[in-house]
Every structure is written in C-alpha cells, then in structure tokens.
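Heads up: the structure comes next, in structure tokens.
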Amino acid sequence: MKKTAVVLLVLIALFSCKKKQEEFVIEDSEPHRPIVDFGFHYDDFNVHYDTIQSQDTFEKILKKQNLNGKKVSEIIKIVKDSFPTSVRFKRPYVCLRSKDKYNKLQYLIYQPNRLDYYLIDLTDSIVGFKKSRPLTFKVRTVAGELTGPLTKTLKSMNIDPTLSGRLTKVFAWSIDFFKSKKGDKFALSFTERYINDTIYDGVDSLRAAFFEYKGEKIYAFPFAQERNGKVDYYDENGKALKNFFLKAPLKFVNITSRFSKNRFHPVQLKWKAHKGTDYAAPTGTPIMSTAAGIVEQAGYTAGNGNFVKVKHDKTYSTQYLHMSRILVRRGQRVKQGETIGKVGSTGLATGPHVCYRFWKNGVQVDALQLKLPNSQAMEGRNLPRYKEQIRPLKRELDSVTDLKFKK
C-alpha cells in the first residue's frame with residue numbers, strides 16, 4: 001500500500017511540473033526586422049561586412065571578391081571617374097552577394113564617411129556612382145542653468161558639447177563665459193542632423209539662444225539683411241551682437257592687472273603707469289588679434305619682449321606684449337580672431353601673460369572701459385522683417401524657460 005502511494009505521489013509531481021512548465025513557456029513573438037540600408041533589403045543578399053586595411057587599394061578589395069584580373073581591370077576602367085582613387089584606412093565597406101550557390105558579387109559599397117558612399121553595381125552592366133544617405137533635421141529647444149563650464153553643462157544635458165564653441169563665438173562680444181556663474185539660466189533652440197533618420201550626425205544650426213549674464217538676458221537670433229547675404233546675430237531689439245573688437249585677445253580670460261595710472265611694477269619695483277590689461281595664461285596659449293587690420297610692428301624690445309602692434313583703421317590700434325613666439329610679419333593683413341602669436345614671458349615679465357594695449361586716436365586708453373563700435377547695424381528697412389522672424393523663436397525660448405523653472 002505504501003509503495004502504491006509513493007508511486008501515485010511521484011506521478012502527481014511529474015504531471016504538476018509538466019503542467020507548470022507548459023504554463024510558463026513563452027514563445028518568442030518578436031517579429032523579424034529586416035535591415036534596409038543604402039536602398040537595399042539585406043534579406044535579399046548574402047551580406048559581408050569588412051573594413052579597409054592599411055595596405056588595401058581599390059584593386060585589392062575587388063580581387064578579394066573572387067573576381068579575376070581581367071574583370072577587375074574592366075571595373076576599374078569603367079568606374080575610375082566616379083570612384084575615389086584611394087580608400088581610407090579603417091573605413092567600412094559592404095559586399096552584397098547573390099543568395100544562390102554561386103554567391104556572386106552584385107554590389108560593392110564603400111563609405112569614406114558616415115554620410116556619403118560609393119556604390120558599384122555589377123548586376124547588369126558595370127556602373128559606379130557616388131550617393132549620400134538621406135539627412136533629416138530635428139529641432140531641439142531646451143532650457144537649463146550653468147552647473148560649471150558651458151561644455152560640461154551641455155554634456156550633462158545630453159547636448160553635443162561642440163555646440164559650446166559655436167555659442168562662445170556668437171556671444172564673444174557680449175559675454176565673458178569665464179565670469180559666468182553657476183545657476184545662470186539659458187535657453188537654446190538648435191537643429192540636429194540625423195542620417196537615415198536614426199544616426200546622430202551633429203548640430204546643424206543655432207536657431208536662437210539667450211544667456212543670463214550679470215542679471216540680464218542677452219538674446220541671439222541669426223539674420224541676413226540681404227537675400228543670400230551674410231548671417232549675423234542680433235539681440236531682440238535688432239542690435240548686432242558682434243562688435244568691431246573682441247572683448248579679449250584670449251579665448252579664456254584671467255585678468256591679473258588692469259589699466260592704471262599708478263601701479264607698482266613687479267619687476268622694476270617702482271610705481272608707474274600701467275597702460276594695458278594683463279591676461280595670464282599658460283606659455284604657448286594662442287593670442288588673437290581682437291579686430292581685423294594690418295600688422296604695423298612685429299619685433300622685440302627689452303621691456304615689451306616679443307610684441308605685435310596692429311593698426312585697425314584711422315582711429316584704433318592694439319598691441320600685444322611678452323609673446324613667446326610671433327606668428328605674423330610687418331605689413332601682413334590679419335583677420336579678427338586670427339592667431340598672431342603665443343603667450344610667453346619675454347621682456348619685463350614675472351610669468352606668462354599677454355599685456356594688451358589699446359590706442360584711440362594715438363592715445364593709449366583702457367580697452368575695458370571703452371564703448372567699442374558694433375558690426376554692421378540693422379538697417380531700418382529690415383527691422384520689421386527681423387522682428388516678425390524672431391517673434392515665434394523668442395516665444396519658444398521664453399516658454400521652455402518658464403516650463404523648466406516654474407515654481
């Protein structure tokens with residue numbers, strides 16, 4: 001009787017386990033998602049992915065595809081005008097082969113970059129051409145506040161940090177980002193590029209922005225005064241953001257000594273006028289011309305060290321002292337923002353810095369106190385069109401800011 005009971009219990013347990021197992025079987029219902037790229041359904045081919053090796057040439061790649069020398073020469077001759085003469089190391093290429101016993105090469109696709117590709121069609125006659133993947137553009141409008149350097153703040157918001165370079169250029173004449181404070185609010189509207197609607201390809205354009213600086217909102221909107229003309233950035237009232245002069249000759253500003261009628265000289269150890277502004281920076285830091293002009297002097301003196309003086313027009317000149325290297329020559333024309341030398345400590349200097357001097361009508365003045373001219377002002381006839389264009393953009397920035405920081 002005991003043996004019978006044991007057998008029954010084992011059978012019941014086995015049956016229960018089987019039932020439980022059947023109840024918890026989950027079938028894979030995920031549908032197959034075919035790959036479509038370069039206009040081809042990959043399910044229709046045997047697909048082989050590869051990358052360019054260091055010694056590869058276009059001819060070597062073709063010979064790897066079981067093509068005889070005569071066929072390879074024929075292909076090269078036909079597509080030579082539409083295919084690059086050389087291939088780039090570690091760039092990808094794809095071979096699409098027939099799904100039969102012959103596994104014959106039908107298409108060869110080479111990608112020199114993420115957007116463009118070269119395609120050789122061997123299905124009928126031999127054809128080669130260059131194409132580009134479809135691009136789509138998506139608008140992002142965001143608001144935030146500085147949590148540290150602008151680049152790190154953008155990165156923490158999942159925004160391409162390279163956008164910070166574009167922003168600092170736009171606001172270079174009105175904001176010193178070195179003096180920006182944590183908690184300063186900002187809003188940005190920009191477009192991003194996507195390849196095949198899915199592959200991120202960077203920031204395409206800045207549509208609008210504002211930054212809080214010293215308690216004030218400074219807006220920036222792009223606008224071309226003439227059709228197909230140069231685009232400049234203006235504030236909400238149509239005032240140009242770009243000045244005739246940059247605010248400083250260095251990208252990152254650290255003022256160690258200001259313009260003064262009486263300052264104790266750290267090398268000469270006596271009180272005397274300091275007719276410039278000292279910006280400290282590591283040796284080798286690029287020094288920029290703050291405005292376009294012609295190099296009036298480039299040389300060396302015991303006090304100035306290596307220096308460059310640039311004449312901008314009949315009114316204004318600037319001078320840059322204590323360089324470790326001079327990168328321009330006398331009579332050379334330079335652009336605004338162009339590197340003219342490197343920071344050093346030549347001449348009478350206790351450490352690496354650039355002494356920036358400014359002349360107006362032949363008299364040295366304090367550049368930080370001077371009201372400098374703007375770039376091309378907004379013409380009155382364009383102001384209504386500009387105001388109409390920026391109205392929805394400003395509303396967009398203000399709305400996303402209110403939404404982000406509403407209490």
Side-chain angles (χ1 to χ4, degrees), residues 165 168-178 230 232 240-260 263 273-349 351-377:
T168 52
K169 284 183 180 179
V170 168
F171 288 99
W173 297 267
S174 47
I175 294 177
D176 180 357
F177 282 99
F178 189 81
K230 182 184 175 184
D232 280 317
L241 291 184
K242 185 176 181 179
N243 283 341
F244 182 35
F245 288 90
L246 294 173
K247 290 181 75 68
L250 304 178
K251 286 187 177 179
F252 298 98
V253 177
N254 182 18
I255 297 175
T256 54
S257 184
R258 295 175 179 270
F259 188 97
S260 173
R263 182 197 72 157
H274 181 244
K275 297 183 178 181
T277 305
D278 288 348
Y279 296 92
T283 299
T285 301
I287 298 170
M288 303 177 294
S289 177
T290 54
I294 296 175
V295 176
E296 190 174 33
Q297 293 177 307
Y300 178 90
T301 66
N304 295 340
N306 294 320
F307 75 96
V308 170
K309 187 173 184 181
V310 180
K311 185 175 182 63
H312 304 290
D313 59 16
K314 292 180 180 180
T315 305
Y316 300 105
S317 297
T318 56
Q319 190 178 31
Y320 313 79
L321 312 183
H322 310 303
M323 294 178 169
S324 60
R325 288 181 61 197
I326 296 173
L327 300 178
V328 292
R329 65 186 182 279
R330 185 177 179 181
Q332 180 178 336
R333 182 173 292 280
V334 293
K335 298 177 182 177
Q336 184 182 61
E338 183 175 341
T339 299
I340 57 175
K342 299 291 184 71
V343 168
S345 53
T346 56
L348 294 178
H353 73 286
V354 56
C355 178
Y356 176 57
R357 296 187 175 184
F358 202 101
W359 277 263
K360 181 179 180 181
N361 294 320
V363 178
Q364 290 191 60
V365 295
D366 185 355
L368 297 180
Q369 299 300 320
L370 199 62
K371 288 187 177 181
L372 298 170
N374 290 337
S375 62
Q376 184 182 4

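Quick note: residue numbers are just sequence positions, from 1.
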| query | Is there a donor-acceptor contact under 3.5 Å from the side chain of Thr283 to the main chain of Pro352? | reply | no
| Quick one: does Asn306's side chain get under 4.5 Å of Arg325's, heavy atoms only? | no
| field | Rounded distance [0.5 Å steps], OH in Tyr300 versus OG1 in Thr346 | value | 6.5 Å
| Do the non-hydrogen side-chain atoms of Thr301 and Leu321 ever get within less than 4.5 Å of each other? | no
| Under the side-chain contact (heavy atoms from CB on, under 4.5 Å) criterion, do Arg329 and Val295 qualify, and how do the steps go? | CA-CA 7 Å; Arg329 65 186 182 279; Val295 176; over 6 Å; no
| note | Paired with Glu338, the side chain to side chain contact (heavy atoms under 4.5 Å, CB included) test is passed by just one of Arg333, Gln332, Met288, namely Gln332
| Can you list the steps and then say if Tyr356 with Leu250 is a side-chain contact (heavy atoms from CB on, under 4.5 Å)? | CA-CA 10 Å; Tyr356 176 57; Leu250 304 178; over 6 Å; no
| query | Any donor-acceptor pair under 3.5 Å linking the side chain of Thr290 with the backbone of Ala248? | reply | no
| request: Kindly say whether Phe358 contributes a backbone atom to a donor-acceptor pair with the side chain of Gln364 at under 3.5 angstrom? | output: no
| request: To the nearest 0.5 angstrom, please state how far the CG atom of Asn361 sits from the OG1 atom of Thr315. | output: 5.0 Å
| Close side-chain approach of Val328 and Val310, heavy atoms under 4.5 Å | no
| request: Could you point out which residue of Lys311, Arg357, His312 forms a side-chain hydrogen bond (donor to acceptor under 3.5 Å, both in side chains) with Thr318? | output: His312
| request: Take His322 and Asp278, measure what side-chain contact (heavy atoms from CB on, under 4.5 Å) needs, and give me the verdict at the end. | output: CA-CA 10 Å; His322 310 303; Asp278 288 348; 5.5 Å; no
| query | Is the backbone of Val343 close enough, under 3.5 Å, to the side chain of Ser324 for a donor and an acceptor to pair up by distance? | reply | yes
| task | For the pair His353 and Tyr279, evaluate side-chain contact (heavy atoms from CB on, under 4.5 Å) and give the outcome as yes or no after the intermediate values. | result | CA-CA 5 Å; His353 73 286; Tyr279 296 92; 5.9 Å; no
| message | Under a 3.5 Å distance rule, please check whether Ser289 uses its side chain to pair with a backbone N or O of Ala291 as donor and acceptor. | response | yes
